[in-house]
Novice: 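Would you mind keeping the following structure in view while I ask a few things?
Labels below follow one simple rule: chain letters A, B, ... track the order of the sequence lines, proteins then strands, and each chain is numbered from 1.
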There are 2 protein chains.
Amino acid sequence: MTRRHQQIADELRELITSGHYPVGAALPSEPELARTHGVARGTVRQAVGALISEGLIGSRQGARSVVLSSTPSQSFSELLSFSQWARANGRDPGGSVISSLRGRATPEEASQLLLTEGDEVLRILRLRTLSGAPVLLERTCYAGWMADAVERVPDDCESVTQRLHDDVGLVFAHGEHRIDALAAGTLEARHLEVRRGSPLLRLCRTTTSPEGRPVETGDDRYRPGSVSFTVRNSALTNPMSRNTGRH
Amino acid sequence: MTRRHQQIADELRELITSGHYPVGAALPSEPELARTHGVARGTVRQAVGALISEGLIGSRQGARSVVLSSTPSQSFSELLSFSQWARANGRDPGGSVISSLRGRATPEEASQLLLTEGDEVLRILRLRTLSGAPVLLERTCYAGWMADAVERVPDDCESVTQRLHDDVGLVFAHGEHRIDALAAGTLEARHLEVRRGSPLLRLCRTTTSPEGRPVETGDDRYRPGSVSFTVRNSALTNPMSRNTGRH
DNA sequence: GAGTGGTCTAGACCACAAT
DNA sequence: TTGTGGTCTAGACCACTCG
């Protein structure tokens with residue numbers, strides 16, 4: 001069952017990405033869209049709101065909405081799953097588990113996962129590749145209550161996210177990501193095949209379930225040049241923030 | 001004139017950041033909020049929607065909304081203006097113009113600013129400091145039609161953004177930001193007081209006016225450790241995307 | 001002044017979660 | 001089964017932009 005507002009959003013998105021409404025062009029008015037689609041204006045506004053939060057269009061009171069970008073944005077699951085992202089971009093993802101160890105949560109891990117210090121966690125270190133070339137060294141710390149499910153995932157499983165979804169119905173719904181840069185250490189140098197001290201892009205993440213329960217936290221270190229991240233902002237919906245060095 | 005939905009959003013935000021509704025807690029139901037505030041449910045949903053897009057709460061059909069994070073997010077102007085951001089965080093921003101030159105747009109600049117190759121642009125290189133310590137080397141390319149206004153801004157002006165707003169009524173409304181890492185070159189090493197080849201965090205940005213007209217593009221290179229960026233995502237509103245190395 | 005998007009109301013039905 | 005959020009309608013008024 002597809003929602004009415006989603007159909008309209010999809011249609012407008014298609015018209016934008018296909019170039020029918022190029023960057024800088026004005027969209028039809030909301031009353032007009034409502035008429036042509038046979039819906040109430042509120043439904044049109046839901047669709048328009050979706051495109052605004054994707055950064056595709058901008059709107060101001062009194063003037064028609066304007067196309068800001070014609071690049072479609074990714075789905076949340078593509079952002080979270082390295083494999084899904086790679087496949088969607090026509091790349092060939094690979095990877096291997098370097099280590100998998102149970103341990104006790106550090107204070108920082110405990111605070112990220114809403115646990116108490118010393119609770120059991122599962123730490124996994126993975127190397128990710130694109131077309132065989134190393135791209136990303138990924139450290140993940142899973143909350144203890146899902147350690148069993150994660151350990152049942154085979155080491156050579158391409159998409160852990162997909163596997164957890166299929167096996168135990170676990171889905172990721174929210175994420176918080178912090179991005180900075182740091183120098184490669186000995187471990188990163190060896191696995192990512194770069195020189196020690198060379199620049200890496202680091203993404204620290206914490207992911208939670210639909211109920212708001214933290215599921216995993218970790219940090220991903222990317223070999224530069226292979227991957228970048230983009231964010232679209234506007235005065236109304238501003239998802240990104242800048243932080244000082246003290247975390 | 002403050003809008004009703006914004007008052008409600010502010011109130012809920014305050015209750016969340018103050019800890020009255022801690023992370024993991026459930027909010028009152030929408031009908032209840034509508035009753036207690038004496039408004040229609042639609043108005044409450046506007047307020048709730050704002051908190052969702054800020055990543056403060058998450059919602060699912062059938063269950064009450066849940067607090068995901070108690071950290072308030074920044075305003076858009078704080079993200080765009082180095083000085084405003086620094087002041088809001090209790091730091092002491094400074095800076096100086098290293099060079100300011102008019103030139104002709106490169107193909108890349110032209111495409112970012114919706115100009116044609118060879119159109120006039122103004123390029124400015126600035127060093128930004130916090131408490132006197134160098135933090136950021138900022139390259140900005142302004143579209144020619146606003147070069148005069150920018151050149152009238154004194155070199156030692158603390159906030160260019162603020163000055164442009166006050167002088168010519170120019171406001172920034174949308175931004176696109178790409179983040180990656182790279183090694184410091186000779187220029188960055190000298191001004192940021194780091195070793196050549198050491199890691200830097202790079203943010204490439206393009207900013208547009210409320211009408212959707214591109215105003216400036218540029219790239220900011222941060223000394224690592226001093227600054228990081230965070231993004232909150234969810235399955236519905238997903239502002240961040242991961243990109244391959246080909247820009 | 002005509003048209004636009006922003007705000008708000010007062011209903012209604014549905015799909016889903018919790019119990 | 002009860003209550004919740006998600007969707008949708010059919011109006012209305014206002015602040016604003018634009019020609």
Novice: When all nucleic acid strands are considered with a 4.0 Å heavy-atom cut-off, which category describes Gln61(A): base, sugar-phosphate, or nothing?
Specialist: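 Base, at least one base atom sits under 4.0 Å.
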
Novice: Do the charged groups of Arg87(A) and Glu158(A) touch, with an N to O distance under 4.0 Å?
Specialist: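 The answer is yes: the pair qualifies as a salt bridge.
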
Novice: In this structure, how many angstroms lie between the P atom of dG3(D) and the CG atom of Leu33(B), rounded?
Specialist: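 Between P of dG3(D) and CG of Leu33(B): 17 Å.
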
Novice: State which of dG5(C), dC8(C), dG5(D) makes the closest approach to the side chain of Ser29(A).
Specialist: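 Of all the options, the side chain of Ser29(A) is nearest to dG5(C).
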
Novice: By nearest nucleotide on DNA chain D, pick out whichever of Glu32(B) and Thr2(A) is the more 5' one.
Specialist: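 The answer here is Glu32(B).
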
Novice: What nucleic acid atoms does Arg45(A) come within less than 4.0 Å of, heavy atoms only: base, sugar-phosphate, or nothing?
Specialist: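 The residue Arg45(A) makes base contact.
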
Novice: Send over the distance from Gln46(A) CD to dG5(C) C1', rounded to a whole Å.
Specialist: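 So the CD-C1' distance, Gln46(A) to dG5(C), works out to 16 Å.
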
Novice: Pair Glu109(A), Arg123(A) - check salt bridge (charged side-chain N to carboxylate O under 4.0 Å, His left out), show working.
Specialist: CA-CA 11 Å; Glu109(A) 287 165 349; Arg123(A) 295 196 192 86; 2.9 Å; yes

Novice: Roughly, in whole Å, what's the span from CD in Glu211(A) to P in dC16(C)?
Specialist: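 Result: 15 Å.
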
Novice: Taking only Lys NZ, Arg NE, NH1 and NH2, and the carboxylate oxygens of Asp or Glu, determine whether Arg45(A) and Glu30(A) approach each other closer than 4.0 Å.
Specialist: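 The answer is yes: the pair qualifies as a salt bridge.
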
Novice: Categorize Val48(A) for me: base, sugar-phosphate, or nothing, with a 4.0 angstrom heavy-atom threshold over every strand shown.
Specialist: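 Contact class for Val48(A): none.
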
Novice: Closer to the 5' end of DNA chain C via nearest nucleotide, is it Arg3(A) or Ser59(A)?
Specialist: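 The 5'-side residue here is Ser59(A).
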
Novice: For Arg4(A), report the nucleic acid contact type (base, sugar-phosphate, nothing); a contact means any heavy atom under 4.0 Å.
Specialist: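 The answer is sugar-phosphate, as Arg4(A) gets under 4.0 Å only of primed atoms, P, OP1 or OP2.
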
Novice: Could you give the CZ-to-C1' distance, from Arg41(B) to dG11(C), as a whole number of Å?
Specialist: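 Those two atoms, CZ and C1', are 11 Å apart.
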
Novice: Quick one: which of dG6(C), dT4(C), dC8(D) gets closest to the side chain of Arg64(A)?
Specialist: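 Taking heavy atoms from C-beta onward, the closest nucleotide is dT4(C).
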
Novice: Taking for each residue the nucleotide of DNA chain C with the nearest heavy atom, is it Ser65(A) or Gln6(B) whose nucleotide lies nearer the 5' end?
Specialist: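 Nearest-nucleotide comparison on DNA chain C picks Ser65(A).
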
Novice: How long is the line joining CZ of Arg35(A) and P of dA10(D), in whole Å?
Specialist: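 Those two atoms, CZ and P, are 15 Å apart.
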
Novice: In whole angstrom, what separates His5(B)'s NE2 from dG5(C)'s C1'?
Specialist: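 Result: 12 Å.
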
Novice: One thing to verify: whether Asp10(A) and Arg13(A) come together as a salt bridge, which I'm taking to mean a side-chain N less than 4.0 angstrom from a carboxylate O.
Specialist: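 Salt bridge flag = yes for Asp10(A) with Arg13(A).
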
Novice: What is the nucleic acid contact for Arg60(B), judged by heavy atoms within less than 4.0 Å: base, sugar-phosphate only, or nothing?
Specialist: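 If one applies the 4.0 Å heavy-atom cut-off, Arg60(B) turns out to touch the sugar-phosphate alone, with no base involved.
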
Novice: Let me know, please, whether Gly38(A) or Ile52(B) comes out on the 5' side of the other along DNA chain D by nearest nucleotide.
Specialist: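 Final value for this comparison: Ile52(B).
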
Novice: Of all the choices, dT17(D), dA18(C), dT9(D), which nucleotide is nearest to the side chain of Ala63(B) once you look at every atom?
Specialist: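 The closest nucleotide is dA18(C).
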
Novice: Taking the six-membered ring of Trp85(B), is NZ or CZ of Arg91(B) closer than 6.0 Å to its centre and within 45° of its axis?
Specialist: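 No, Arg91(B) does not sit over the ring of Trp85(B).
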
Novice: Nearest-Å distance, CD1 (Ile8(A)) to C1' (dC8(D))?
Specialist: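 Whole-Å distance recorded here is 11 Å.
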
